[in-house]
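The next block holds one structure in the form of structure tokens; read it before the comments.
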Protein chains: 2
Amino acid sequence: MSDQFDLPSTDRRSLMAGAAAAAAGAFLAPGLAVAASADLAVIRKAAEADKADAIKRLQEWIALPTVAAEGMNVVEGPAYMAKIAKEAGFQTAEIIPTDGVSGVFATLDVGAPRWIGVYFMYDVKQYDPKEWSSPPLEGRLVEKAPFGTVMMGRGATNSKGGQIALLNALRAMRAAGKKPPVNIALICEGEEEIASPHFRQIATHPKVLPVLQKCEGIYVPGPSQDRTTGEVSFTLGAKGPVELQLIVDGSKTGIGPKTDIHSSEKARIDSPIWRLVQALATLTSPDGNTPTLDGFMDKVRPLSAREKELIAQLAQKTNEAALKQAYGNKAWIDNLSYEKSIERLLSQPTINLQGLVGGYTGPGGKSILPSRAEAKLEIRMVPNQTYDDTVRQLREHLDKRGFQDVQINVSGGYDPTETAEDARVVQAALGAYKKMGIPVTLSPRSAGSWPGSLFTQPPVAKPAIHFGVGFGSGAHAPDEFIVIDSANPKVAGYVDATMAQAQFLYALAEMK
Amino acid sequence: MSDQFDLPSTDRRSLMAGAAAAAAGAFLAPGLAVAASADLAVIRKAAEADKADAIKRLQEWIALPTVAAEGMNVVEGPAYMAKIAKEAGFQTAEIIPTDGVSGVFATLDVGAPRWIGVYFMYDVKQYDPKEWSSPPLEGRLVEKAPFGTVMMGRGATNSKGGQIALLNALRAMRAAGKKPPVNIALICEGEEEIASPHFRQIATHPKVLPVLQKCEGIYVPGPSQDRTTGEVSFTLGAKGPVELQLIVDGSKTGIGPKTDIHSSEKARIDSPIWRLVQALATLTSPDGNTPTLDGFMDKVRPLSAREKELIAQLAQKTNEAALKQAYGNKAWIDNLSYEKSIERLLSQPTINLQGLVGGYTGPGGKSILPSRAEAKLEIRMVPNQTYDDTVRQLREHLDKRGFQDVQINVSGGYDPTETAEDARVVQAALGAYKKMGIPVTLSPRSAGSWPGSLFTQPPVAKPAIHFGVGFGSGAHAPDEFIVIDSANPKVAGYVDATMAQAQFLYALAEMK
């Protein structure tokens with residue numbers, strides 16, 4: 001999740017934890033067991049030999065975008081996901097149907113004593129080619145200072161880049177004649193970008209759940225180093241989202257006109273678009289920053305002393321000026337200090353307006369009274385808020401104020417997720433990083449979201465964390481990219497990122 | 001302005017006054033002078049002979065839409081306007097440059113003792129062909145129950161239909177060997193649909209102003225009968241609009257991000273789109289119906305007893321059930337009675353939201369924090385509110401609440417307009433209608449707008465009113481149409497509408 005402290009688009013909904021190894025030289029650090037080091041040396045040779053093909057594979061995957069919101073490639077996506085899992089060595093790769101887009105579940109059982117779960121999302125965020133400097137589905141290699149050679153394309157960093165790196169690591173092991181040191185359960189979904197409305201069906205599927213329950217934990221691989229220092233932050237949790245649309249439609253309610261009419265009638269006919277604006281305005285403080293939804297803030301858990309301590313470290317290790325320059329904001333909310341801005345980022349729930357659309361949207365004006373308007377929102381929750389509470393509170397809040405005609409369309413969401421710092425897999429992973437000499441900052445929470453609560457809550461009830469080195473940026477934004485050849489020795493290129501994935505699997509096997 | 005009490009789209013910004021003659025049989029009513037009746041008989045023959053060509057001319061004009069908001073045909077429009085004025089017999093037709101779209105000023109001086117001014121807008125409202133059942137620029141003749149044969153096309157009723165009818169009347173006079181009974185000053189603009197931002201430059205142009213000052217008054221020709229009863233309402237004034245956009249753009253202000261960023265950052269970065277929503281919400285009561293803009297309601301003049309009397313008559317003569325069915329609204333604001341709804345319509349200023357656009361507007365959601373949002377509004381003012389007061393009040397209101405970053409782009413507007421019921425041209429016109437046996441309802445005001453205040457206020461300072469028979473609907477909406485052959489004997493077809501224009505000019509000449 002270092003990308004939250006990074007340049008302009010903090011990345012994917014599930015802002016990924018930075019982890020693993022930093023600069024190229026660190027990947028064979030002396031702390032690891034001799035056997036692992038010897039294995040890793042031959043695996044690295046295989047990964048280096050595979051580099052050109054690895055780039056092609058990432059480009060091919062970028063060329064097949066699954067966009068659940070638009071129904072794009074919702075059949076082709078899981079089929080391709082299953083195919084590349086099998087090609088990387090998974091013995092089984094099964095498509096798991098849901099009430100929405102299918103998931104994929106794959107297993108690689110090498111008879112190792114330990115299972116680890118890996119979570120992939122194979123969907124990507126919408127994109128508009130007009131906004132891109134390089135075609136979003138091409139995965140073109142371009143020089144981008146100060147990063148080096150990067151691959152630009154939708155999904156490059158969010159999340160195909162890190163995922164292909166893990167699959168490449170498994171391929172390199174096979175090419176080097178090495179078995180993976182752990183068994184792997186790979187669980188994939190194609191609706192993460194619409195807030196995972198059916199992920200529960202996948203995680204609790206009869207073929208999936210028993211395997212997940214055997215795992216030490218579940219992790220998400222991804223490139224998450226700080227762009228300058230190479231510092232990775234290791235993230236213990238994430239906010240939970242409710243993604244929804246508020247719609248006011250006179251043709252459905254009879255409050256307001258059924259079609260757009262001449263605007264002079266506003267003097268005696270209700271306006272759906274005004275009803276939406278006034279309903280929205282009740283949801284936040286006048287500055288738009290603090291949720292005022294009835295009951296919503298009641299269960300927000302304040303930061304602990306330990307969490308504040310971790311945040312103070314994060315503030316020290318990341319660059320406020322670079323962030324502000326990238327975002328273009330003159331100040332943080334309420335003129336907060338950088339450290340306090342991070343406290344707010346990680347501890348406070350939000351009600352965000354993703355978009356507004358209604359009536360005339362072209363140049364200038366048009367004197368109509370529109371019949372329909374829509375707001376696209378997402379609410380991000382922190383512990384101990386829940387999805388169920390929030391959905392109920394929203395309806396009750398609007399009804400209480402007479403906004404029964406405001407339709408709520410909840411299109412996705414899940415609870416916040418947390419993994420305790422003292423979980424064995426967390427401590428083992430931290431230990432491994434320390435031995436490898438990789439700088440790590442522990443972060444109490446990501447401000448983004450991923451459906452980790454489906455793993456951390458019953459019936460799976462396992463730790464769920466974020467890993468990965470390398471660097472990418474531009475998730476949800478134009479010109480998304482991932483670094484292929486790094487110009488900064490502290491930041492891993494794509495072969496190093498691949499090796500970090502291998503190295504982490506060895507570290508997991510070594511775990512006490 | 002009967003169309004305000006009519007089906008779904010009350011028409012153009014300058015909702016036109018119904019007037020002139022009703023059914024075909026009434027156009028040679030016995031009350032007129034013998035000379036006029038004899039002239040009108042031969043003129044009618046000429047108009048009937050011209051019918052097929054008249055239809056083609058209207059179709060040709062519909063095929064050339066000027067849309068100021070989109071910069072469409074802003075050069076071709078005035079050129080064509082000048083051409084058809086000359087073809088109809090105007091001796092001069094000059095293009096009047098402005099800081100925006102040029103206007104046209106034409107004169108037809110037949111040496112008559114009296115001058116009358118006529119106002120044309122040659123621009124039309126935006127249109128989306130996808131929403132139309134017939135191509136909007138084709139002017140196709142279609143059967144439309146219960147009206148008869150109608151011409152469907154953008155501008156058919158707003159306002160090319162009535163205008164071509166007047167030009168046709170002048171052509172028919174010439175074909176019949178008759179001089180027009182009055183001199184005509186024709187003043188045209190191409191920005192009425194964007195609230196006439198430069199019309200003052202036309203009305204006060206050194207070549208225009210002296211001629212307008214010679215006129216008895218200025219009128220707007222247009223089809224405005226009630227769709228069932230044929231009753232015309234004769235309108236004495238109109239609201240004045242301020243058309244504007246409220247824009248919040250983080251890239252301009254540094255409050256919020258400069259581009260769309262990951263929505264998780266909402267926890268510590270201001271949202272331009274929330275700032276817009278919260279700023280908007282301060283402008284009306286929570287139901288969206290009553291302006292709460294500081295100082296805005298202070299000068300609103302209550303209805304007089306006479307105005308309430310006229311409104312009671314309007315309520316009697318128009319059909320509430322048909323209106324509600326057409327609009328699809330279950331009730332008027334605050335469950336008002338129909339009569340009270342008309343009082344509110346004509347007496348109350350409004351703040352209307354024409355449209356909202358910002359961030360992601362496609363299907364479902366997209367987890368971004370958008371950098372920019374825009375609301376399109378128009379404020380409609382009543383006497384004694386003014387454009388200048390309103391623009392100043394809006395800025396002060398927003399500034400007082402800390403919304404200095406909300407940019408106001410005023411794109412057009414002017415004061416409300418009023419002509420006294422006892423003005424000579426009004427009384428003469430009412431007398432002429434009475435003699436012709438045409439049912440007339442006097443309306444104190446249109447809820448729509450037209451830039452009549454540029455005529456009624458100094459330096460022109462003349463009465464300005466609305467006339468016309470025939471029927472059309474769909475202004476600002478898809479499937480706009482005007483009746484060509486009427487299936488209802490109480491509603492005029494296009495030849496009768498042409499004749500009503502001729503007859504009104506004769507009535508003006510007879511005026512005492």
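By convention in this document, chain letters (A, B, ...) are assigned in the order of the sequence lines, proteins followed by strands, and residues within each chain are numbered from 1.
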A/Lys376: what forms a salt bridge (Lys or Arg N to Asp or Glu O under 4.0 Å) with it, not counting sequence neighbours? A/Glu374
Is A/Leu244 in contact with chain B via its backbone, its side chain, both, or neither, using a 4.5 Å heavy-atom distance? neither
Which bit of A/Gln126 is near chain B, if near means a heavy-atom gap under 4.5 Å: side chain, backbone, both or neither? both
Measure A/Ser285 against the heavy atoms of chain B and call it side chain, backbone, both or neither at under 4.5 Å. backbone
How far apart are the C-alpha atoms of B/Ser263 and A/Gln354, what are their side-chain angles, what is the distance that settles it, and do they pass the side chain to side chain donor-acceptor pair (under 3.5 Å) test? CA-CA 7 Å; B/Ser263 54; A/Gln354 304 172 341; 5.3 Å; no
With the side chain counted from C-beta on, respond yes when A/Arg268 and B/Tyr338 share a heavy-atom pair under 4.5 Å apart, and no when they do not. yes
Could you tell me whether a side-chain N or O of A/His476 sits under 3.5 Å from a main-chain N or O of B/Ser367, the two making a donor and an acceptor? yes
A/Lys258 versus B/Asn329, side-chain donor and acceptor atoms under 3.5 Å: no
Given a strict heavy-atom distance threshold of 4.5 Å, which part of B/Ser411 is in contact with chain A: side chain, backbone, both, or neither? neither
Go through the atoms of B/Ser251 and report whether side chain, backbone, both or neither lie under 4.5 Å from a heavy atom of chain A. neither
The single option from A/Leu356, A/Thr284, A/Leu276 passing side chain to side chain contact (heavy atoms under 4.5 Å, CB included) against B/Val277: A/Leu356
Part of A/Ser371 within contact of chain B (heavy atom distance under 4.5 Å): neither
Can you tell which of B/Asp270, B/Asn352, B/Thr350 has the highest number of heavy-atom pairs within less than 4.5 Å of chain A? B/Asn352
With a 4.5 Å cut-off on side-chain heavy atoms, are B/Trp274 and A/Asn289 touching? no
Taking only residues two or more places apart in sequence or in another chain, which ones pass side chain to side chain contact (heavy atoms under 4.5 Å, CB included) with B/Asp479? B/Trp132, B/Ser133, B/Met152
